[in-house]
Structures are given as structure tokens and as C-alpha cells.
Trainee: 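Have a look at this one.
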Amino acid sequence: MDKDSINERFIKAVSTLFQDKGLTKTSIAESLGLKPSKFSEILNSRMKAGTDTIAALCEKYSFSPSWILMGEGTMLIPGELKGRSKPAYAVTPLSHIEKLQAIQAQENSYRTGKICHATNNKNEGIPLIPLSAMAGVFTGETAVMEFECERYVIPAFKGADFLIQVKGDSMQPTYYSGDLVACQRVTLNDIFFQWNKAYVLDTKQGPLIKRIMPGSDENHIRIVSDNTNYPPFELSKDQFNGVALVRGIVRLE
């Protein structure tokens, strides 16, 4: 077993707990029998999580030992979600528990080969658009989409218009760099935002994948990252050229 890989999966599992409003780094450390300082050393990859700590994490929060130790199966034990807040107190409007269940179902589908497959047929599948061609997606210039892009058949995302690849860590732990995001174009005329949903915004500074919340007035929206290291900011609606709703992700491992 690769100790570095085990520690990476341990950190990834713990990072999902930080999205729960009822849990803190200190409370998680105490539940694992660790001092907060040692817990921080593990999360910063300066120390390795011991077998007792891994066992405690799996027991108290329903993480799969097989996944953490060997990368097999799903992150969570099916049917269990110990140690989390009740949905009413978790992240809203989509509770963190529901997110974890969705991630588990998606990862299980991928590992059983049911989630997607590539195709060379230009008449089927969803095109994977390079970020450099994003403007053409919203302006209706479909030549790139039809002839130059990889295409993927994903039954769960039949309404999606295109895929793009996530870059950077601003939306972790929901979206990781390298994930494929399935998007559905939204008309700019009389647009109705679903607050706290993830969108792809084609802005004058380039494409952004962010959550959308109400701004200070009707002409602005608040741009929010899932990674709390990135502070939210406001953007005028006239600063973006196109909008697409994120329908889901495909995580390629």
C-alpha cells in the first residue's frame, strides 16, 4: 500500500466533512483522538495518518476503509452517514448529506463502467469544449463543437449542451481540477438564476465556474467559491457574455 496515496485519500475524505456546518477542524480532531496541531500536520501532508486514526475516521464518519487504504469501491459506506448534521442544519439548499450521497452514487457508477464512454460519432454524445473556445459555445459558433472536440456519451446528462474541464482548486471539494463539468446553456434574455447553484460564466476576463448568490442590487450577482480560501465577490451582469447551468460532473481517475 502506498502511504502517500493513503494519506491523500484520508485528506480528501476529511475535506468533505469541512462542508458540514455542524463540524469544525477541532471537533473532528477530538473525535479522532488527535490534538488539533497534529491533525493540521496530517492535513498539510507533513505527517501521515496512522492506522488507528484512519480506523477512527471510518468508524465515526462512515468512510470506507477499502477506499482509503486501497482506493477500491466508494468513499462512503453505502447506506451510512454517521457523524454529520441533520439535513436541516447542513449546507442548504442542497444538504451536505445529499451531496455526499450523490458523489457516492456517481463514483460507484463510474467504477462499474456505467457513467460514460467516449465516442467518435459526430452525431452523438456531448462535446468537450476547450476553454479557449468557450466564447463560440455561447455565440452559436458550433464548428469547433461538431468537428474538433472529443465527445462523451453520458446518459445521466442528456440535456447538457457541452462539457468543460475544471482548472484550479477554487471549487474544491465539490469540483477538482481535471473533473469534466456537464453544462446546459441558459439564455441571457430574462435570465432566472437558481441561487446557490453552480454555473459557468463566460466573462470578459475568461470563463468561471462558481456558485451564484444574490448581489447588492438587481444588476449584480455574488460569485462564491466552494473553497473558503477564495473570498466571494460581486460581478455586474453586463460583465458576462454567456451563462450555463452546471448539470453534474464526471470524475476521471
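This one's a predicted model, so the numbers in the text were calculated from it and none came from an experiment.
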Trainee: Would you tell me whether Asn227 and Ser225 have side-chain atoms, one donor and one acceptor, within less than 3.5 Å of each other?
Mentor: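 Ser225 and Asn227 do not have a side-chain donor-acceptor pair below 3.5 Å.
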
Trainee: Report yes or no: do Ser37 and Ser40 form a side-chain donor-acceptor pair below 3.5 Å?
Mentor: no

Trainee: How far apart are the C-alpha atoms of Ile223 and Leu201, what are their side-chain angles, what is the distance that settles it, and do they pass the side chain to side chain contact (heavy atoms under 4.5 Å, CB included) test?
Mentor: CA-CA 10 Å; Ile223 308 297; Leu201 303 176; 3.6 Å; yes

Trainee: Kindly give the heavy-atom pair with the smallest separation between Arg9 and Ile68, and that separation in Å.
Mentor: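 In this case the closest contact between Arg9 and Ile68 is NE-O, 2.9 Å.
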
Trainee: Taking C-beta and beyond as the side chain, do Leu43 and Phe18 meet within less than 4.5 Å on heavy atoms?
Mentor: yes

Trainee: Under 3.5 Å, is there a donor-acceptor pair between the side chain of Asn7 and the main chain of Ser45?
Mentor: no

Trainee: Taking Arg185's backbone N and O only, do any of them form a donor-acceptor pair with Asp161's side chain (distance below 3.5 Å, no angle check)?
Mentor: yes

Trainee: Closest heavy-atom contact between Ser64 and Cys58?
Mentor: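 The answer is C-SG, 4.0 Å.
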
Trainee: Is Lys12 positioned over the aromatic face of Tyr176, cation under 6.0 angstrom from the ring centre and no more than 45 degrees off axis?
Mentor: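 Yes, a cation-pi geometry holds between Lys12 and Tyr176.
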
Trainee: Given 3.5 Å as the limit, does a donor-acceptor pair link the side chain of Asp202 with the main chain of Val243, or not?
Mentor: no

Trainee: I'd like to check the side-chain contact (heavy atoms from CB on, under 4.5 Å) partners of Thr228; sequence neighbours left out, ordered by chain and number.
Mentor: none

Trainee: Only one of Asp226, Asp179, Thr16 passes side chain to side chain donor-acceptor pair (under 3.5 Å) with Thr174; say which it is.
Mentor: Asp226

Trainee: Taking NZ in Lys48 as the centre, count heavy atoms belonging to other residues, nucleotides or ligands within less than 6.0 Å. Is the count above 12?
Mentor: yes

Trainee: Can Ile209 be reached from Tyr230 by stepping across I, L, V, M, F, W or Y side chains whose heavy atoms are under 4.5 Å apart?
Mentor: no

Trainee: Ignoring hydrogens and angles, tell me if any N or O in the side chain of Lys237 forms a donor-acceptor pair with the backbone of Glu218 under 3.5 Å.
Mentor: yes

Trainee: Please assess Lys210 against Ser170 for the test side chain to side chain contact (heavy atoms under 4.5 Å, CB included), listing each intermediate value before the final yes or no.
Mentor: CA-CA 8 Å; Lys210 301 290 181 183; Ser170 68; 3.0 Å; yes

Trainee: Quick one: closest heavy-atom pair of Ala13 and Phe63, and the distance?
Mentor: O-CZ, 3.3 Å

Trainee: Would you check, one step at a time, whether the test side chain to side chain contact (heavy atoms under 4.5 Å, CB included) holds for Ile212 with Lys197?
Mentor: CA-CA 6 Å; Ile212 302 300; Lys197 292 284 189 180; over 6 Å; no

Trainee: Would you check if the side chain of Asp217 reaches a backbone N or O of His220 as a donor-acceptor pair within less than 3.5 Å?
Mentor: yes

Trainee: Looking only at atom types and distance, does a side-chain atom of Ser236 sit under 3.5 Å from a main-chain N or O of Gln239, one as donor and one as acceptor?
Mentor: no

